There are 2 protein chains.
Amino acid sequence: MANPLDPEMFDPICPSSAMPIQIGDKWTGMVVLCLEEGPRRFTELRVPLGGVTPKVLTQTLRAMERDGLLTRTAYDENPPRVEYELTELGRSLFSLIAAARAWSRDHLPALLAARAAHESAPAAPRLLRRSPPSGPGR
Amino acid sequence: MANPLDPEMFDPICPSSAMPIQIGDKWTGMVVLCLEEGPRRFTELRVPLGGVTPKVLTQTLRAMERDGLLTRTAYDENPPRVEYELTELGRSLFSLIAAARAWSRDHLPALLAARAAHESAPAAPRLLRRSPPSGPGR
DNA sequence: CTGCATCCCGCTCGATACTG
DNA sequence: CAGTATCGAGCGGGATGCAG
């Protein structure tokens with residue numbers, strides 16, 4: 001396990017920021033991805049996450065530990081060393097993330113296009129229709 | 001379309017409130033589900049959503065309309081009538097919701113169990129290990 | 001290195017009241 | 001019926017500083 005984590009694996013320019021799916025808290029899903037290849041240390045996790053504050057990362061990790069998604073192992077060394085590793089339950093989230101990625105690949109462009117269309121043409125917003133007497137289409 | 005919506009289709013007692021997956025904003029996923037059987041009116045949607053405030057529901061619907069997930073059709077009648085209907089893109093979210101449900105069915109109990117265990121036994125929290133010299137078991 | 005404490009900001013969500 | 005307007009509370013989340 002493991003090559004160092006790519007600092008840009010969560011490039012903020014990537015339109016995934018507009019993705020309508022989220023796993024747990026803001027960072028939970030990304031932490032899962034970071035731990036895919038094996039155990040990681042605290043500071044190691046901070047790199048690809050765009051320099052999350054220690055406080056927030058701790059909160060996230062504690063919550064995930066509490067929910068049985070990962071295990072925390074502290075080694076009584078100097079300097080201190082702590083490793084986080086996914087549990088079976090945590091790895092089970094991969095299927096979900098895969099589904100989210102598949103959806104994004106197939107449909108996110110359409111969503112972004114619709115969004116862009118609304119921003120450029122806020123001129124045709126409220127369409128009113130005379131009440132159709134009957135037999136509505138569809 | 002459509003029997004009236006079950007007011008308890010999102011029973012807050014259901015543990016899905018602990019589900020680590022979310023579609024868009026807080027209410028987006030539930031709106032999608034409410035529109036599964038066909039077009040619905042504004043007030044009709046408010047019922048199963050636990051009486052969401054009109055303001056919040058409007059925000060949600062506007063955002064979804066902007067993203068091309070649903071269409072808004074206002075009929076110039078008296079009293080006014082507006083119907084919301086999923087687009088193809090909106091319906092594409094069903095696969096995602098299905099994946100989330102499958103995960104919940106298979107793994108949510110384990111998550112809840114882990115959570116309960118931590119609440120009842122906060123006594124074994126910080127396990128420290130003497131640094132293992134080498135060859136850590138995976 | 002790890003991670004807790006404190007302060008604070010912004011955003012989401014909600015309650016209430018009012019309009020076409 | 002279908003919203004809009006205004007106000008406010010709560011909370012996630014970030015900055016900074018400090019401790020084991």
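On a predicted model such as this, the values are computed, not experimentally measured, just so you know. Letters go in sequence order (proteins before strands), and every chain restarts at 1.
Remark: Arg41(B) is in phosphate contact with dA2(D), judged by side-chain N or O atoms under 4.0 Å from OP1 or OP2. When the side-chain nitrogen and oxygen atoms of Arg62(B) are compared with OP1 and OP2 of dT4(D), one or more of them lie within a distance under 4.0 Å. For the OP1/OP2 pair of dA2(D) and a distance below 4.0 Å, the side-chain nitrogens and oxygens of Tyr84(B) include no atom meeting the criterion. The phosphate of dG3(C) has neither OP1 nor OP2 within less than 4.0 Å of any side-chain N or O from Arg46(A).
Under the 4.5 Å side-chain criterion, counting only non-hydrogen atoms from C-beta, Leu70(A) is in contact with Val31(A).
Rounded to the nearest 0.5 angstrom, Leu5(B) CG and Arg46(B) CZ are separated by 14.0 Å. How far CG of Asp106(B) is from OG of Ser92(A): 8.5 Å, rounded to the nearest 0.5 Å. The structure places CD of Glu44(A) at 8.0 Å from CD of Glu83(A), a figure rounded to the nearest 0.5 Å. We find the OG1-CG distance between Thr71(A) and Leu61(A) to be 11.0 Å, quoted to the nearest 0.5 Å.
Residue Arg72(B) contributes atom CZ, which lies 12 Å from atom C1' of dT4(D) at whole-angstrom precision. Rounded to whole Å, atom C1' of dC1(D) lies 10 Å from atom CZ of Phe42(B). In this structure, Glu77(B) atom CD and dA2(D) atom P are separated by 10 Å, rounded to whole Å. Rounded to an integer number of Å, the gap from Tyr75(B) OH to dG3(D) P is 13 Å. What separates CG of Asp76(B) from P of dC1(D) is a distance of 17 Å, to the nearest Å. The nearest whole Å value for the distance from the CG atom in Leu45(B) to the C1' atom in dG3(D) is 14 Å. Counting to the nearest Å, the C1' atom of dG12(D) and the CG atom of Leu57(A) are 15 Å from each other. The nearest whole Å value for the distance from the CD atom in Glu83(A) to the P atom in dG3(C) is 12 Å.
Evaluation of the salt bridge (charged side-chain N to carboxylate O under 4.0 Å, His left out) rule for Asp67(B) yields Arg115(A) as partners, not counting sequence neighbours. Under the salt bridge (charged side-chain N to carboxylate O under 4.0 Å, His left out) criterion, Arg101(A) pairs with no residue, sequence neighbours left out. With sequence neighbours excluded, the residues that form a side chain to side chain contact (heavy atoms under 4.5 Å, CB included) with Thr53(A) are Val56(A).
Within 4.0 Å (heavy atoms only), Thr58(A) reaches sugar-phosphate atoms of the nucleic acid but no base atom. Backbone-only contact: Thr43(B) has heavy atoms under 4.0 Å from sugar-phosphate atoms and none from a base.
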Give each protein N/O atom lying under 3.5 Å from an N/O atom of nucleotides 18-20 of chain C, with the pair distance.
none

Protein-nucleotides 6-13 of chain C N/O pairs under 3.5 Å:
residue, atom, partner, partner atom, Å
dC13(C), OP1, Lys26(B), N, 3.3
dC13(C), N4, Lys55(B), NZ, 3.3

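Across Pro39(A) and Glu85(A), no two heavy atoms sit closer than the pair CG-CD, 3.7 Å.
Two residues, Pro54(A) and Leu61(B), neighbour DNA chain D, and the one matched to the more 5' nucleotide by heavy-atom proximity is Leu61(B).
For residues 76-106 of chain A, the ring-ring contact (aromatic ring centres under 6.0 Å, His included) pairs, not counting sequence neighbours, are Trp103(A)-His107(A).
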